[in-house]
Amino acid sequence: MTATNTTGPAGTTSTVDEYLQSVRAHLGELSDTEAAELIEDLPSHLAEVAASSDEPLDRQLGSPAAFAAELMASAGLGIGARGSSCRQKLWAGAQAVWSAPRPEAVERWRAELRPAWWVARGALAAGVVGGVLSGRDAALRAFPFPVLFGNTAAGLLLGGLAVAASVRLGRVASALGTTRLKRSDLAVSLLVALVAMAAWNQVHLNAGPNYVEAGTEPPPYTTGVLVDGLGNPISNIYPYDRQGLLLHDVLLYDQGGRPVVNHADQTPDGRPIVTTHDTDNNGAEVHAYPLRQSVEPQWSPDGPSPPGAAMSQPVRPPAVVIPPLPPANPGSNGPSPAAPVPPVTG
Amino acid sequence: MHKTDSRRQAGPAPSARGPSSRGLDSTQMMKGVLDAAVLAVVERNDAYGYEIVRTLREEGLDEVGDASVYGTLRRLFAAGALTSYVVPSDEGPYRKYYGLNRAGRDLLERSRKAWRGFADTMDALLGFNDSEEAK
């Protein structure tokens, strides 16, 4: 098989090769086999075209990109020309949106802002790198100037170098325009943008002093259950008179005239308390204190309980301490001003 | 059957053409019939790509793009309508010649009928029939 290197007039070889490679590059969406088959005859064709006229190949045949596109379209290959997978269609859609012709004003605006982005990109990169190497405090203190190892002068030098490199990359990528270079430029832009955003987030999240929640733990129960001052649930109330006699069947009402009924129905350690209520003449429950209750005993670590011990046991009144009080005046309707009602303790 | 490698000189070399310079309409129409045109050229003689492009342009289809012809050739070959073989050239790169096979001839025949029907319809529609104009 003859070599595919062209042997046309001096000066055309490199042009044909360049054109061919460029066309090949624009066939990226095809598999290697497909692309190779497609451009199999192209070298000789390009050589004859180049030899037939003094005009450069681009003038005669159009741009390599257009050539490749027309080639794929007429060959029935590539996105859209044949049934394509969902992923291919998505990629084609993205490419179409990206490369759709834009209004001239937008194009001009983009072109003008692009160098500004190159500068910003370099400055951001230097700022992030310098900040990481200098520690957050040093970086924040010197803001908005970049620092390197805490040194602002070094930071400015780093910034200048980064900006220069970024501008150079941007210029070269947009001028020479090879696909790989353009992709590298885009990748660098995305990387710098992402890292800068992440760094910004980090700085702001940890900027202030950390406040530790002080105070007591919230009560274990939410609204609706009687609790004491420390948040312990109240499951029963034992009313005593001044003489230390436990009263029974006492109906309790709050300041709004509502009966007190929202006692806890389990112990602090979670064992359920069963309350047996009286019912009134209409069949409604009556909460008469002290409530008659039973509860499972606590599990004993000393070994298996005797049979029957697991059954609920009645709740016994607690031991209380009645403060010494002078006897109340007989027939009094409320507490005398000199002797306030003592709280029940226990 | 293949041509020996002598470049046919048919007057000034026709300029290879990229995207259409004469407007969209004829280009779009031609895309639809390029298959038939290429098959017809290959039917006369086995030919290689550059030669086919040149022939089409000489015959009057000067809008046709090189890339379109090449893509069409590959597609027709992949569809089994063309045979191909390589002829080494003393001038440089080898050339791939295309020829019609049985399937290609059938396809060309069907294309002839299709074109005839389409052309007749368009003639009538566009008023190229004398009998129509007389009305």
Side-chain angles (χ1 to χ4, degrees), chain A residues 1-10 12-13 16-17 19-20 22-24 26-27 30 33-78 81-82, chain B residues 5 7-21 27-28 30-35 37-38 47-54 56-57 63-79 81-82 84-98:
Chain A
M1 184 178 292
T2 324
T4 56
N5 288 327
T6 62
T7 55
T12 59
T13 305
V16 168
D17 278 346
Y19 198 89
L20 186 66
S22 198
V23 168
R24 175 66 185 89
H26 283 96
L27 297 177
L30 302 181
T33 325
E34 285 175 328
E37 276 180 4
L38 198 54
I39 61 173
E40 225 177 308
D41 317 341
L42 219 44
S44 61
H45 178 89
L46 292 177
E48 301 205 51
V49 170
S52 69
S53 160
D54 283 338
E55 282 188 4
L57 281 176
D58 278 56
R59 287 282 301 277
Q60 296 192 63
L61 297 172
S63 74
F67 193 93
E70 202 181 330
L71 190 58
M72 281 197 289
S74 59
L77 296 172
R82 57 172 174 196
Chain B
D5 184 40
R7 191 176 302 185
R8 215 168 17 144
Q9 295 298 328
S15 55
R17 200 72 54 100
S20 161
S21 55
T27 309
Q28 290 290 14
M30 190 162 59
K31 274 179 162 47
V33 302
L34 195 53
D35 287 18
V38 166
Y48 59 95
Y50 185 76
E51 201 177 11
I52 297 173
V53 174
R54 220 170 41 200
L56 288 172
R57 297 225 179 100
E63 293 295 315
V64 72
D66 303 53
S68 294
V69 173
Y70 263 99
T72 303
L73 281 171
R74 295 305 312 180
R75 183 164 41 80
L76 288 172
F77 178 73
L82 297 173
S84 78
Y85 50 91
V86 166
V87 171
S89 151
D90 23 315
E91 284 184 6
Y94 64 86
R95 290 207 186 105
K96 178 180 278 189
Y97 279 79
Y98 292 93

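Chain letters run A, B, ... following the sequence lines, proteins first and then strands; every chain starts at 1.
A salt bridge links B/R95 with A/E48: the distance from a Lys NZ or Arg NE/NH1/NH2 to an Asp or Glu carboxylate oxygen falls below 4.0 Å.
Separating the OG atom in A/S44 from the OH atom in B/Y48 is a distance of 8.0 Å, to the nearest 0.5 Å. From B/Y50, atom OH reaches atom CG of A/L46 across 10.5 Å, with rounding to the nearest 0.5 Å. The CZ atom of B/R74 sits 5.5 Å away from atom CD of A/E37, with the distance rounded to the nearest 0.5 Å. Between the OH atom in B/Y70 and the OG atom in A/S74 there is a gap of 12.0 Å [rounded to 0.5 Å].
Looking at A/E55, neither its backbone nor its side chain comes within 4.5 Å of chain B, counting heavy atoms on both sides.
Closest heavy-atom contact between B/G65 and A/E70: CA-OE2, 3.7 Å.
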